[in-house]
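For reference, the structure discussed in these notes is given below.
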Protein chains: 2
Amino acid sequence: MTLQTMKNEQVTIKDIAKLLGISTSTVSRALRGMPDVNPDTKQAVHELAEQLNYQPNLVALSLVKKRTKTIGVIIPSFTTYFYSKAICGIQEVALDAGYHIMVCQTNEDYKTEIKNIDILLSSRVDGFIASITRETENYDHYTQLIQRGIPLVLFNRICDLEVPKVVVDDYGGAYKATKHLIDIGCTKIAHIAGPDHLYLCRNRLRGFLDAMKDHKMKIYENLVVYSDFSIESGMQCGRELLQKSVKPDAVFAVCDTAAYGAMHVFKSKGLQIPADIAIVGYTNEPLSELTEPSLTTISQPIFKIGKTAAEMFIQMMNEGKEYIPETRILSTELIIRNSTRK
Amino acid sequence: MTLQTMKNEQVTIKDIAKLLGISTSTVSRALRGMPDVNPDTKQAVHELAEQLNYQPNLVALSLVKKRTKTIGVIIPSFTTYFYSKAICGIQEVALDAGYHIMVCQTNEDYKTEIKNIDILLSSRVDGFIASITRETENYDHYTQLIQRGIPLVLFNRICDLEVPKVVVDDYGGAYKATKHLIDIGCTKIAHIAGPDHLYLCRNRLRGFLDAMKDHKMKIYENLVVYSDFSIESGMQCGRELLQKSVKPDAVFAVCDTAAYGAMHVFKSKGLQIPADIAIVGYTNEPLSELTEPSLTTISQPIFKIGKTAAEMFIQMMNEGKEYIPETRILSTELIIRNSTRK
DNA sequence: TTGTAAGCGTTATCAT
DNA sequence: ATGATAACGCTTACAA
């Protein structure tokens, strides 16, 4: 019966030391491959560690090093494709760099956002990668992090703070989408916007408006309606638009899900897409290829957004105070599908 | 300038003790609301703690208590609706019980599954809630956990181990789905199955076959084709089915995503759904309501699955060796939509 | 009611 | 090249 089968407990550096009749410091040094340790000792330690299936106790390490190598990630929702995909990117980079992630969702609730930060803080995460809720208008909880010198990277849903950020070119994407609708001959173009105090939404709205202006299109102010990104609110917006005095012949939606909702309403009212009304979304979710008709959209490099955010986080950790916040803007691509192929 | 603004470091029990001129043990006791501590002292401690914004250091607590109050969660993929929703349920219960979760995805890769367990183990998670990959055929890594007395709860994708499990009534759901197709008059019913060594898939297949037998339907063996759950493989299966000598007039798919793929292929080949071919899926993803036609499906209480798994985990943690593994089978519901409304 | 001291698993600073 | 020892922040006997 070996040591490990005898007791349930994980093997520690002490066990190895005792078994080898040496001190824990020597074992520690050997394990970490430090110089100034006898090759024979080193080998013996490694062999025994292997044999006993020794796993360093990260909890103890965290306590002494005063850092947990854990990144707190705050997102609005797990079930939104964008965020689940972004997490993939974050985790890939994090694990490669020896970091773990701990993810909390806010459910778009400001209070929950604050609570999540607190929860993660008491777990002593080394810092945060976050996307703010659509409700958040007060950034004190984030400002406090900055003041306390706790690394913070914002992605996608950012706000006006002196921290590294990763976003896509929301303005440019929206501009491209709108121009595309103009190019195919639409004249009464509507926009299903998102929550107004998110930069992301304002930028997409600006891109829409500027594209319209630049191409001398008449802007119908009441053809801009507001959604909360969800399918349901997309449906609501679709219904709203159909009741306007000016009937739109195209819609640019702030995201694919809102577009799905609107599209569904249009079809159920007997409208032909794109003949009667063309639609463009934003994000390029996997299903956008399969909707009927398939959805023209702006694709975002979501995985890369996550990766970039994590890379910036780790750089920030490594460089400490020297690190100068930078905003990385990734580019988007117009994917033309049947919802705009007249 | 107060203590906390002076130094970046988090306030500790020592700081409070020093400031109050008492010992750390008293502070600790006061903070935890233990009896036998002078009400005045207790109040002073609480007030100062509040004022200094003291947050207990969970890392230190974990070290002394030899448990981290963290659950390792292993899922095939973040971006699959089912798992992201299940995580919501898990996290809700976990947070309420003072637990944190640390989620890793396997990407359906067996080696990654093993690696994830290792990673989480070195973080000293208290146990695991897991769904195995579709590749996993060897369960040694899980058996080792059990032997070491580390709590494990399996959900959805389970295997034959003596641990608590949460599943839906896969057999019954499949039976209901198939019977529905029979009821509406289909006679050549195909099944898009999933990876054969997942119980979940075998049970759905059995449910399908039994429903057919019980209703004296002719079973066309080569109308059972295998997918890997993805949209793409659903498309592949759809194409396959159309090439069979016997043309199916209905399909029961192992999951909604595979159904989406098949549906897309059928439509692109000019088939009318459900007139030419009816379709039923499994899971009831949010989008299944919006597909064209909307998808009849078996809805699963995903959030509840997650919650139940977490509840069982916590019960297991609390009861320790006394806990007797139990398998909770949640029921499903047939949601009839247009893909089967002839 | 409160304080002292040991311990959780590790690293780091001195000695030796 | 190696060993003691203190420290990380907290809990917990045991003393007082």
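Just so it is clear: chains get the letters A, B, ... in the order the sequence lines come, proteins before strands, and each one is counted from 1.
Nearest-nucleotide assignment on DNA chain C puts the 5′-proximal partner with B:Ile22, out of A:Gln55 and B:Ile22. Nucleotides of DNA chain D nearest to A:Thr24 and A:Asn38 differ in position, and the one nearer the 5' end is that of A:Asn38. Mapping A:Ala60 and B:Ser25 onto DNA chain C by nearest heavy atom places B:Ser25 closer to the 5' end of the strand.
Atom pair A:Asn57:CG and C:dT10:P shows a separation of 5 Å (rounding to whole Å applied). Here the P atom of nucleotide D:dC8 and the CG atom of B:Leu58 are 19 Å apart, to the nearest Å. Rounded to an integer number of Å, the gap from OH of A:Tyr54 to P of C:dG9 is 10 Å. As rounded to whole Å, 13 Å separates atom C1' of C:dG9 from atom NZ of A:Lys18. For the pair A:Met34 CE and D:dG3 C1', the interatomic distance rounds to 16 Å; values are reported in whole Å. The nearest whole Å value for the distance from the CD1 atom in B:Ile16 to the P atom in D:dG9 is 13 Å. One atom, CD1 of A:Ile13, and another, C1' of D:dT2, lie 14 Å apart when rounded to the nearest Å. Spacing between atom NZ of B:Lys14 and atom C1' of D:dA6 amounts to 10 Å, rounded to whole angstrom units.
Using a 4.0 Å heavy-atom criterion, one finds that B:Asp36 contacts the bases of the nucleic acid, with or without backbone contacts as well. As judged by a 4.0 angstrom heavy-atom cut-off over every strand, A:Val37 is placed among residues touching the sugar-phosphate backbone only.
With A:His197 contributing its side chain and A:Glu137 its backbone, the two residues share no donor-acceptor pair below 3.5 Å.
The nucleotide whose nearest atom lies closest to any side-chain atom of B:Thr12 is, among D:dG9, C:dG9, D:dT11, D:dG9. Of the candidates C:dT10, D:dT12, D:dC10, the closest approach to any side-chain atom of A:Val64 belongs to C:dT10.
At a cut-off of 3.5 angstrom, the base of C:dG3 holds at least one donor-acceptor pair with the side chain of B:Arg29.
The environment of NZ in A:Lys69 is crowded: more than 12 heavy-atom neighbours from other residues, nucleotides or ligands sit within 6.0 Å.
Phosphate contact (OP1/OP2 of D:dT12, side-chain N/O of B:Arg32, threshold under 4.0 Å): present. For B:Thr41, a side-chain nitrogen or oxygen approaches OP1 or OP2 of C:dT2 to under 4.0 Å. OP1 or OP2 of D:dT11 has not a single side-chain nitrogen or oxygen of B:Lys66 nearer than 4.0 Å. Dashed line: the shortest gap from a side-chain N or O of B:Ser23 to OP1 or OP2 of C:dG3 is under 4.0 Å.
In this structure, B:Tyr110 has its ring center under 6.0 Å from that of B:His141.
The residue from A:Thr106, A:Thr133, A:Thr136 that alone fulfils the side chain to side chain donor-acceptor pair (under 3.5 Å) condition with A:Glu113 is A:Thr136.
Between B:Phe313 and B:Tyr99, the ring planes lie perpendicular to each other; the angle is over 60°, past the 30° to 60° tilted range.
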